[in-house]
Peer 1: 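Just dropping this structure here.
Proteins get letters first, then strands, A, B, ... in listed order; numbering begins at 1 in each. No hydrogens, no waters, no symmetry mates; every other heavy atom, side chains included, goes into these values.
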Amino acid sequence: MNIQTLLNNRIQQAMVAAGAADDAPALVRQSAKVQFGDYQANGMMGVAKKLKTNPREFAQKVLDLLDLSDVADKVEIAGPGFINIFLKNDWMSGALASLRKSARLDIAQVEKAQTIVVDYSSPNLAKEMHVGHLRSTVIGDAVVRTLEFLGHNVVRQNHVGDWGTQFGMLLAYMERLRQENTEISMALSDLETFYRAAKTCFDDDEAFAARARELVVSLQSGDEECLALWQEFINISLEHCEATYKTLGVSLTRENVMPESAYNDDLHNVVAALKEQDLLQESNGAQCVFMEEFANKEGEITPVIVQKTGGGFLYATTDLAALRYRQDVLNFDRGLYFVDARQSLHFQQIYTLGRKAGFVKPETSLEHMPFGTVMGTDGKPFKTRSGTVAKLSDLLAEAQDRAYQLVAEKNPEMEEDELRNIGRVVGIASVKYADLSKNRTSDYVFNWDTMLSFEGNTAPYLLYAYSRVASIVRRSEIDVANLTGDISLAESQERALAVKLMQFEEAVQQVANDGMPHNLCAYLYELAGTFMTFYEACPILNAEDELKNSRLQLALNTASTLKQGLSLLGIETLERM
RNA sequence: GCGCCUGUAGCUCAGUUGGAUAGAGCAUCCGCCUUCUAAGCGGAGGGCCAGGGGUUCGAAUCCCUUCAGGCGCGCCA
């Protein structure tokens with residue numbers, strides 16, 4: 001049930017009947033203030049202007065043609081021409097009863113499922129995942145879960161970096177270890193250390209560096225021994241990623257891995273296709289595409305280089321090949337790329353070129369979902385105390401440990417196993433939620449204290465709210481599955497909770513539309529807050545039977561909405577904490 | 001030099017694509033545990049929305065401009 005859409009459609013129809021253009025927007029929004037009702041339609045002023053009539057008169061005309069009596073008990077014109085809508089309690093009670101019986105909380109499946117490719121996480125396999133991969137992985141996964149919940153056909157694409165010159169160095173180091181009879185799998189248990197060791201050799205040892213360069217060539221020419229060595233490295237590195245995904249509760253699997261190297265054989269085809277269409281231009285020996293879309297005021301164009309002077313390909317080439325694969329093989333309707341904001345220009349170029357070259361259909365939507373950098377409390381990109389980039393696995397271990405300490409302090413009598421589990425859930429949830437709850441596009445400050453706080457818009461607060469509801473339900477000893485009876489919304493706190501509960505779908509659909517999970521976070525936080533207020537003001541278990549049933553249903557709806565919402569964000573809930 | 005992004009309360013952040021008196025949380029101050037988890041709830045103070053100009057019934061939001069910061073800009077990804 002999406003109230004906003006319902007009202008929007010009804011009001012728009014009335015507007016058209018009143019003489020507005022077919023596409024005149026009703027602009028229905030949740031009301032800014034309680035005295036303005038539950039929803040307000042802002043579209044009358046703009047339309048009246050176009051029709052050259054008085055906005056209030058037009059609004060009145062719309063009201064005359066509008067029948068909302070089934071859902072609202074008051075609809076009024078206010079200010080310069082707003083229409084304020086006050087929802088009817090009876091209608092909400094009925095809708096909430098239906099919502100409670102629905103496994104998916106009455107959230108509509110999309111009428112026409114789209115095939116949506118979501119490109120996210122995409123770590124470089126040469127190194128271990130670090131804090132910089134957190135945003136793409138966590139936000140991408142939340143959006144993926146949301147799109148799937150709505151019924152779309154989602155294709156996860158983990159575009160891992162498994163190719164490139166740095167692998168020569170790594171393979172050379174593997175080779176050296178093997179000659180020294182060192183166990184390679186052990187050495188690869190910490191990729192970060194391995195990478196640094198290899199880099200040191202590369203920088204300090206000329207013979208090693210030469211061998212590394214040689215290995216890049218053999219690798220690219222398909223030398224079998226070299227490929228086997230490379231494959232061994234990649235497998236271990238992928239296992240590291242999978243371990244991190246598992247602790248993080250991210251839905252990516254091996255099947256979703258579509259590495260850069262998968263496009264190797266296709267890269268020359270991409271260049272050939274561009275050449276065939278006369279898009280290519282040689283510049284200083286490199287194959288480039290100059291598109292007027294990327295010219296500055298002086299007419300200077302920033303080119304896309306698709307082939308280097310020596311014949312080598314670049315990441316632009318790979319991304320173009322991926323684009324073509326996603327259209328020709330996966331046949332996507334929409335492509336979402338959760339990639340660092342710094343690559344914004346690159347993606348604008350790739351998308352524009354991809355269309356120009358006919359690699360993607362005109363109707364296919366390509367959306368770069370940029371995100372900002374994770375900063376430390378000093379305002380600089382987040383680092384560990386020693387000044388290195390924080391490994392994601394270390395970060396997650398620390399989060400669980402910190403959460404465990406907090407929980408153990410509050411629950412000295414609780415058993416160790418449960419404490420550990422709560423610590424795990426709260427710790428991971430805190431890290432993910434801190435990331436998800438901030439506007440994707442801006443940088444954010446990584447701060448243990450605020451993310452693990454029980455106050456404010458945090459995972460612990462939401463999990464606590466959920467466990468409080470769960471506790472009520474447990475203590476009620478009522479067969480909640482068969483709980484029926486009218487839902488009373490007489491108290492203002494009951495009514496506020498009811499309205500909030502019915503707005504879940506609006507938040508969910510927004511995430512699907514714009515890939516911004518922080519809106520769902522804000523919704524869940526408001527829901528939890530509204531419930532807490534209700535909880536303080538309206539006794540549930542101590543109320544007389546009819547009222548108890550009614551309030552228990554509100555509590556149950558809150559529980560399932562919180563649980564479903566957090567699950568869309570990829571966050572587990574706890575029955576006790 | 002050119003381009004993109006950002007600038008909102010002391011701090012961390014929202015602001016539904018141009019709507020009504022700009023909102024939360026933290027911190028500060030005041031109040032609430034003999035009743036369902038006080039890891040909670042209620043209340044108060046706190047703003048030249050970086051500055052200036054414009055567009056219109058109406059601007060934090062759109063346009064121009066200045067300032068401050070971040071990031072990109074032909075052979076790394």
Peer 1: Would you mind reading off the distance between A/Leu552 atom CG and B/rC36 atom P, rounded to a whole angstrom?
Peer 2: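 One finds 16 Å between P of B/rC36 and CG of A/Leu552, rounded.
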Peer 1: Reckon A/Asn439 has a side-chain N or O less than 4.0 Å from the OP1 or OP2 of B/rG15?
Peer 2: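 Affirmative; the distance criterion is met.
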Peer 1: Whole angstroms only, please: what is the CZ-C1' distance between A/Arg440 and B/rC13?
Peer 2: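 The answer, rounded to whole Å, is 16 Å.
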Peer 1: B/rC36, OP1 or OP2 - any side-chain N/O from A/Lys548 closer than 4.0 Å?
Peer 2: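 For B/rC36, neither OP1 nor OP2 has a side-chain N or O of A/Lys548 closer than 4.0 Å.
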Peer 1: Could you tell me whether A/Gln348 contacts a base, only the sugar-phosphate backbone, or nothing, with contacts defined as non-hydrogen atoms closer than 4.0 Å?
Peer 2: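 Nothing, no nucleic acid heavy atom in range.
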Peer 1: Is the cationic atom of A/Arg424 (NZ for Lys, CZ for Arg) positioned less than 6.0 Å from the six-membered ring centroid of A/Tyr404 and within 45 degrees of its normal?
Peer 2: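 The answer is no; the distance or angle limit is not met.
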Peer 1: Between B/rA20 and B/rC4, how far apart are the two C1' atoms, rounded to whole Å?
Peer 2: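 One C1' to the other, the span is 34 Å.
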Peer 1: Choose from B/rA27, B/rA20, B/rU56 the nucleotide whose nearest atom is closest to any side-chain atom of A/Glu455.
Peer 2: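 Among the listed nucleotides, the one closest to the side chain of A/Glu455 is B/rA27.
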Peer 1: Within a reach of under 6.0 Å around CD of A/Glu293, are more than 12 heavy atoms found that belong to other residues, nucleotides or ligands?
Peer 2: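 More than 12 within 6.0 Å, yes.
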Peer 1: Does the A/Ser261 side chain pair with the main chain of A/Asp162, one donor and one acceptor, at a distance under 3.5 Å?
Peer 2: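 Side chain of A/Ser261 to backbone of A/Asp162, a donor-acceptor pair under 3.5 Å: no, none is there.
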Peer 1: With a sphere of 6.0 Å drawn around CZ of A/Arg576, does it hold more than 12 non-hydrogen atoms of other residues, nucleotides or ligands?
Peer 2: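 At most 12 heavy atoms, drawn from other residues, nucleotides or ligands, come within 6.0 Å of this atom.
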Peer 1: Between the base of B/rC75 and the side chain of A/Thr309, is there a donor and acceptor pair under 3.5 angstrom?
Peer 2: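 Yes, the side chain and the base share a sub-3.5 Å donor-acceptor pair.
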Peer 1: Taking only the P atom of each, what is the distance from B/rC13 to B/rA50 in whole angstrom?
Peer 2: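 Taking atom P in both B/rC13 and B/rA50, they lie 15 Å apart.
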Peer 1: Is the phosphate of B/rG15, meaning OP1 or OP2, less than 4.0 Å from a side-chain N or O of A/His518?
Peer 2: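 So the side chain of A/His518 is within the cut-off, an N or O lying under 4.0 Å from OP1 or OP2 of B/rG15.
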Peer 1: Could you tell me how far apart A/Lys380 (NZ) and B/rC71 (P) are, to the nearest whole angstrom?
Peer 2: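 Computing the A/Lys380:NZ to B/rC71:P distance gives 11 Å.
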Peer 1: Does the aromatic ring of A/Tyr464 sit over the six-membered base ring of B/rG40, closer than 5.5 Å centre to centre and tilted less than 30°?
Peer 2: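 Per 5.5 Å and 30° rule: no stacking.
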Peer 1: If we take the P atom in both B/rU56 and B/rA9, what is their distance in whole Å?
Peer 2: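 So the two P atoms sit 30 Å from each other.
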Peer 1: How many Å lie between CZ on A/Phe338 and P on B/rA77, as a whole number?
Peer 2: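 One finds 24 Å between P of B/rA77 and CZ of A/Phe338, rounded.
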Peer 1: Does OP1 or OP2 of B/rG40 have a side-chain N or O of A/Thr533 closer than 4.0 Å?
Peer 2: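 No.
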Peer 1: Using a heavy-atom cut-off of under 4.0 Å over every strand shown, decide if A/Asp449 touches base, sugar-phosphate, or nothing.
Peer 2: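 No contact.
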Peer 1: With respect to the side chain of A/Asn42, which nucleotide from B/rG19, B/rG40, B/rC36 is positioned closest?
Peer 2: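 Between B/rG19, B/rG40, B/rC36, the one nearest the side chain of A/Asn42 would be B/rG19.
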Peer 1: Below 4.0 angstrom from OP1 or OP2 of B/rC76, is there any side-chain N or O of A/Lys308?
Peer 2: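 Looking at the OP1 and OP2 atoms of B/rC76, one of them is under 4.0 Å from a side-chain N or O of A/Lys308.
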Peer 1: Between B/rG45 and B/rC5, how far is it from one C1' atom to the other, in whole Å?
Peer 2: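 Looking at atom C1' only, B/rG45 and B/rC5 are 35 Å apart.
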Peer 1: Closer than 4.0 Å, any side-chain N/O of A/Thr318 to the OP1 or OP2 of B/rA77?
Peer 2: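 Result: no.
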Peer 1: Quantified in whole Å, what is the C1' atom distance between nucleotide B/rU12 and nucleotide B/rG53?
Peer 2: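 After rounding to an integer number of Å, I get 32 Å for this pair.
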Peer 1: Mind calculating the distance between CG (A/Asn457) and P (B/rG40) to the nearest angstrom?
Peer 2: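 These atoms are roughly 13 Å apart.
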Peer 1: Look at A/Arg474 and B/rU37 and indicate whether a side-chain polar atom (N or O) is within less than 4.0 Å of OP1 or OP2.
Peer 2: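 Answer no for this pair, as no side-chain N or O of A/Arg474 is under 4.0 Å from OP1 or OP2.
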Peer 1: Looking at B/rC13, B/rG74, B/rC71, which one has an atom nearest to any side-chain atom of A/Phe290?
Peer 2: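 Side chain of A/Phe290 sits closest to B/rG74.
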Peer 1: Taking 4.0 Å as the cut-off, does a side-chain nitrogen or oxygen of A/Ser467 come that near to OP1 or OP2 on B/rU37?
Peer 2: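 Result: no.
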Peer 1: Check this for me: does the side-chain of A/Asn84 come within 3.5 Å of the base of B/rA20 through a donor and an acceptor?
Peer 2: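 Between B/rA20 and A/Asn84, which were checked side chain against base, a qualifying N/O pair under 3.5 Å is present.
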Peer 1: Counting heavy atoms not belonging to A/Gln35, are there more than 12 under 6.0 Å from its CD?
Peer 2: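 Yes, CD of A/Gln35 has more than 12 neighbouring heavy atoms, counting only those of other groups under 6.0 Å.
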Peer 1: Between B/rC41, B/rA77, B/rU37, which one does the side chain of A/Gln343 approach most closely?
Peer 2: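 Closest nucleotide to the A/Gln343 side chain: B/rA77.
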Peer 1: Can a donor-acceptor pair be found, under 3.5 Å and without considering hydrogens, that links the side chain of A/Thr146 to the backbone of A/Ala142?
Peer 2: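 Looks like yes, one N/O pair under 3.5 Å.
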Peer 1: Mind telling me whether B/rG74 is syn or anti, cutoff 90° either side of 0?
Peer 2: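 B/rG74: syn glycosidic orientation.
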